[in-house]
Amino acid sequence: AQSVTQLDSQVPVFEEAPVELRCNYSSSVSVYLFWYVQYPNQGLQLLLKYLSGSTLVKGINGFEAEFNKSQTSFHLRKPSVHISDTAEYFCAVRKETSGSRLTFGEGTQLTVNP
Amino acid sequence: GAVVSQHPSWVICKSGTSVKIECRSLDFQATTMFWYRQFPKQSLMLMATSNEGSKATYEQGVEKDKFLINHASLTLSTLTVTSAHPEDSSFYICSAKRRAGGFTGELFFGEGSRLTVL
């Protein structure tokens, strides 16, 4: 079985501060990893993904994430956040053998305060 | 980029009625579409996988007679909530996998449909 754990349900930060949203996964097979962002009453937008290759992945809106196989983590980071980054962030995992089925973490609400 | 559109965005219905939600891939063909359900402040739970021209595959615990899924074409999948009850109130989100290009690792999500059953 695979699972995804987002360690923080809520992360409040001030504007222009750095932020890290944590994600850990467990799986007995190779996985692909994703971060999605969801604004209120909207669907999900892909921020970035790790399929293979370099473990540091850069995405849209200045976000990046690092795949750490030994720690089974895929934490999302941004060096300086904006008010507009306030949203729900979901980490997701897809097993190499599971086709396109995604398993989502519980989500982390990022709130950027002025 | 690839666009997936859901309709309606919001729907309010009376208990006992049926509601149909559409998921369309606007600029690509989707062999596979997924339907998710999201309760407030919670994550997305996969309900079923819909493949064009075949029966949907439901996740454990999802009533197939309650949530009817039809994937009649490569650009359209529908979810019908039959005999809706207040506990069916939720945010329903679809996602689509592009037909061409093999496994790209990315699914494209619709904007979601909020169902409120009175």
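We name chains A, B, ... by the order of the sequence lines, and we start the count at 1 in each one. Below, all heavy atoms of this structure are taken into account, side chains as well, without hydrogens, waters or symmetry copies. Since the model is a prediction, treat every value here as computed from it, not as a measurement.
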- prompt: Below 4.0 angstrom, N of the basic side chain to O of the carboxylate: do A:E20 and A:K78 qualify?
  reply: no
- prompt: Any idea how B:F109 and A:Y36 line up, ring-wise: parallel (<30°), tilted (30 to 60°), or perpendicular (>60°)?
  reply: perpendicular
task: May I ask you to check if B:R98 and B:F28 form a cation-pi contact, with NZ or CZ under 6.0 angstrom from the six-membered ring centre and within 45° of the axis?
output: yes
query: Among B:Q42, B:R114, B:Q38, which residue forms the greatest number of heavy-atom pairs with chain A at distances under 4.5 Å?
result: B:Q38
query: In terms of side-chain geometry, is the basic nitrogen of B:E59 or A:R101 positioned less than 4.0 Å from the acidic oxygen of its partner?
result: yes
field: Interface moiety of B:L46 toward chain A, non-hydrogen atoms closer than 4.5 Å
entry: side chain
- request: Could you tell me which portion of A:Q38 (side chain, backbone, both or neither) has an atom closer than 4.5 angstrom to a non-hydrogen atom of chain B?
  value: side chain
Contacting region of B:Q6 [heavy-atom separation from chain A under 4.5 Å]: neither
message: Both conditions, 6.0 Å and 45 degrees, for the charged tip of A:K49 above the ring of A:F34: are they met here?
response: no
Heavy-atom contact with chain B under 4.5 Å, split by part of A:F104: both
